[in-house]
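The block underneath contains the structure these notes are about, expressed in C-alpha cells.
First the proteins, then the strands, lettered A, B, ... as listed; each starts at 1. The shown structure was predicted, so the numbers you read here are calculated from the model rather than taken from an experiment.
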There are 2 protein chains.
Amino acid sequence: MGAVQTIARPRAAADDSATLPLDTILTADCIAAMKALPAASVDMIFADPPYNLQLGGELFRPDGTHVDAVTDDWDKFDSLKHYDAFTRAWLAEAHRTLKPNGTIWVIGSYHNIFRVGATVQDLGFWILNDIVWRKSNPMPNFRGTRFTNAHETLIWASKGEKAKYTFNYRAMKTLNDELQMRSDWEFPICGGQERLKKDGHKVHPTQKPEALLYRILLACTKPGDVVLDPFFGTGTTGAVAKRLGRHWIGIERERGYVAAATQRIEAALPLDESAVATMQSPRQQPKVAFGTLVENDYLTPGAILTDAKRRYRVTVRADGSLVSECGAVGSIHKLGAALQGAPACNGWTFWHYEADGAGLRPIDALRQTWLLATQP
Amino acid sequence: MGAVQTIARPRAAADDSATLPLDTILTADCIAAMKALPAASVDMIFADPPYNLQLGGELFRPDGTHVDAVTDDWDKFDSLKHYDAFTRAWLAEAHRTLKPNGTIWVIGSYHNIFRVGATVQDLGFWILNDIVWRKSNPMPNFRGTRFTNAHETLIWASKGEKAKYTFNYRAMKTLNDELQMRSDWEFPICGGQERLKKDGHKVHPTQKPEALLYRILLACTKPGDVVLDPFFGTGTTGAVAKRLGRHWIGIERERGYVAAATQRIEAALPLDESAVATMQSPRQQPKVAFGTLVENDYLTPGAILTDAKRRYRVTVRADGSLVSECGAVGSIHKLGAALQGAPACNGWTFWHYEADGAGLRPIDALRQTWLLATQP
DNA sequence: CAATCTAATGAATCACGTT
DNA sequence: TAACGTGATTCATTAGATT
C-alpha cells in the first residue's frame, strides 16, 4: 500500500479513450451500464447508492407541518437480502471497471453503510479510511426518541491492499490550515441556491453538497483523471469534476434527473477559484456544553455552585442540570434566570465554584481550562 | 417502537438476582460466560470487541480464541470469515441475554465495524443510531498516506423493531446546553491520570475514556439497571456504572486486566442519589386531565382561551371541553387540531388564558401549578 | 433601506396506554 | 387486535414579508 503523488500516470489509454463515454451521462440501469464499460478503465468511482431507509408512517414536526420523506421507488427493496444482492452486484462491477491504482468512495447512513462496507471488504477492496460527514444543519429528531441523526458515513477504499492509490496529502493539509486533514468533515446539507429546484420543488430528494465532492476529488484524483458515478442523480459529481478539470462518466436511470444534470453541468464553469475558498476552509467553532465538564469530571455531580455573592446555592447533577435548595431544576442558564426572576442569565459567569484555597471562581474558568486542554 | 420513560420497570427479577453475578468480573471466555447467563436478564450491553485482522495479522477462531503466527496459511478472506463467525457467536449470546426492552452498544473502527453492524442487523437487532466518537487528540497519520483516523464508530441498537427502549431524552438535551444531543460526540482519548499504568506502561492498549461510558449509561439506562460488558478489559464500564448507581457484570479472560479492573472499580466512588438524578421528561409526570383544573377552579367554566396569537378563541365548558365561536366542540387537543386543520395538537401549550396583568400564559402553567400543589 | 418577523424545510428506519 | 384519545416534540438556514 502507499500513496503515490509523484509518478505521472498516463491519462486514459488510447484504446480506452475510444470506448469510454467521457463527460457524458448514460441513461441506463447502473449495473447493465457498468458491465458495458471496459475493465480497469476509470481512476475513481464515487457512489451514492440507495440507502434502503425503510421508513414507517407519516412524520410531522412539532408545529404540525408534514415532513417530506424519501418515498421514491428507487429506495425500496423487498428485504435486506435483496439489498445485499444489489449491493454486491454493482460493487463487483465497480471493482472490475476500476484501474488497479484507482479508489472508490461510497456514501451511506446507518441503514445501509454496514452492509455496503462488509461487501466492499468481501470483494477484496482495501478500506483506507471511513469519513464522517458531520452536517452543520441536520434535521432534528422531532419526537425526541433518539439522538439527532447528524452525520453520514463515507468509505474510501483502494482496489487491493498493495495498490498505489492517489492521495494528495499536501493539498489536504494546506486546505486544513497546515494540520493533517482528519476523518471527520463538516459541511452544511445542500440547500439555498445550490439546491436544484423545479416548480418550487426539489428535483432530487438527496442531492449532495458540491463541497463534499470537491474535497474528495481534490484529495484522490489528478487533473485529467476519469471519475465514474454509477448513481449520478442530478450530477453533483459531474459538475464538480468539470470545475476541477477531471473527466466524468455518469449513469442514471431516471430521465428527469438526467435532464437536470445535463443542464447543470453545462452551466458549470471550470476552475471557479472564488468558490474554492468558501468550500475548502473547514470551519469549526469550539462550543462547550456545561455537561461536557461534568462528563469529563471537571466538576463532579453533587458539587455545590453559588453566585458571586453566595445568595443562591445549587447542586450539580449527573446530566449537568442544577437543583436548588427549594427543589427547582434546570440548566445553568435557565435556573440562574429563574432564581433571579430575570428573563435570561449567562450561567457561565453567574455560577461559581469553590476552588481549593483560591476562593470562588466562575465556572467559565473551567470552560477555558477545558478548551486549552482539547483545542489544538 | 419508542422511548419509554414512564413505566417503572422491575429491577432484576428475584430469580435473576439469585443467578446474576452482579457487580463482579467473570474471568472467562466471553462466549462461554455469556452462555451461562440467564436469557433476557440484562438491561444494557456495552461491547468493545477486538478490532480484528489487518493490524498485525491477528486472527480469531469462531470461539474467540486467538490464532498465532499463521499469516501464511490464512488469506484475508479466511480471516474475515472467521472474524464474522466470532462476531456472530458473541452477538447471538448478547441478543439472548438482553431483556426485551434492553439495548446494546458496540464500538469499533473501520476495520471491523461494518462486519459488526451487518451482523447486528442480521440477528434482528434494530439499529437506533450510529454514533461517532470524534477524538479531540487523535494519533496523526505519520506517513501522510491517508486522512488522520480521528474517530471511532458506535452502534446503538434495540433487541427488535418494536422494542420500547430507554432513552433519557431530557437528560441528554440538558447535558448539551438545551440542544438535542447529536450523533457526533467529541471526547479526548483516554490519557493522563485516567489512563491505567503499570511500571510506566499502559495496562491496556485501547482503554476507553470514562466520559464516553458516562454519556452512554446516562442516556440509555436507569439507576439500578444491569449493564453487561463482555469485553471488560480494565473495567471502564464497571467504574462508570458504579459511579452512576448502575449494576454491572464484566467478562474478561486476561487475568492482568481483571486485576487492574478490580482495583480500579474498588476505588471508584458512587455518587449520591440526588447527584445521579437527571432532568425528567414530562412523559414521566402523572397525567392531569384538563377537567381536573376546571373542577378545582383553576379555570372557571365560561373562561376564554386563545392561542398565542389570538387567532382562535374558545370558551371553557363545565366538563373541561371547549367550544369555539363557530360552534365546534372538543377536548383541548382535538379542538386545537381541528381549528388549525392539523393532524394533532398539544392543547396544553397551544391554548392560553389571560393572566391578571401578566398577559397570555399557556394553560400548561396551570397544570404545573396543580402538579406542584398535589405531588409530594 | 435596514432591521425584524414569519414561513418553509432537510436521506427520519420518530408514541403509548386503554378499550 | 385494531381503533381511539391523550399529548410530547425541533435546529439551522434560507427566503420572503413586514415594519
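Contacts of B:Pro301 classified as side chain to side chain contact (heavy atoms under 4.5 Å, CB included), with partners at least two apart in sequence or in another chain: B:Val294, B:Ala318. By the side-chain hydrogen bond (donor to acceptor under 3.5 Å, both in side chains) test, A:Ser109 pairs with A:His111, sequence neighbours left out. Residues passing the side chain to side chain contact (heavy atoms under 4.5 Å, CB included) test with B:Val329 are B:Arg317, B:Ser321, B:Val323, sequence neighbours excluded. Taking the side-chain hydrogen bond (donor to acceptor under 3.5 Å, both in side chains) definition, one finds that B:Arg310 meets it with B:Glu354, sequence neighbours left out. Legend: residues meeting ring pair (Phe, Tyr, Trp, His ring centres under 6.0 Å) with B:His95, ordered by chain and number and at least two apart, are B:Phe125. With sequence neighbours left out, A:Glu295 forms a side-chain hydrogen bond (donor to acceptor under 3.5 Å, both in side chains) with B:Arg215. The side chain to side chain contact (heavy atoms under 4.5 Å, CB included) test applied to B:Arg88 returns B:Thr119, B:Asp122, B:Leu123, not counting sequence neighbours. Annotation: side chain to side chain contact (heavy atoms under 4.5 Å, CB included) contacts of B:Asn346 (sequence neighbours excluded): B:His333, B:Trp348, B:Thr349.
Within the structure, salt bridge (Lys or Arg N to Asp or Glu O under 4.0 Å) contacts touching residues 336-347 of chain B (residues at least two apart or in different chains) do not occur.
No more than 12 heavy atoms of other residues, nucleotides or ligands sit less than 6.0 Å from atom CZ of A:Arg253.
Counting only Watson-Crick or G-U wobble pairs whose defining distances are both under 3.5 Å, the stems of 3 or more consecutive pairs in DNA chain C are C:2-10 with D:11-19, C:15-19 with D:2-6.
For the OP1/OP2 pair of C:dA15 and a distance below 4.0 Å, the side-chain nitrogens and oxygens of A:Arg143 include at least one atom meeting the criterion. Contact annotation: B:Tyr165 side-chain N/O to C:dA15 OP1/OP2 distance is not under 4.0 Å. OP1 and OP2 of C:dT13 both lie 4.0 Å or more from every side-chain N or O belonging to B:Ser158.
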When you compare the protein's N or O atoms with those of nucleotides 3-6 of chain D, which come within less than 3.5 Å of each other, and at what distance?
| from | atom 1 | to | atom 2 | distance (Å) |
| --- | --- | --- | --- | --- |
| D:dT6 | OP2 | B:Ser331 | OG | 3.3 |

### Message
For nucleotides 4-12 of chain C, give me one character per nucleotide, 5' to 3': B if any protein heavy atom sits under 4.0 Å from the base, S if the only such contacts are to the sugar-phosphate, - if neither.
### Response
---S-BBBB
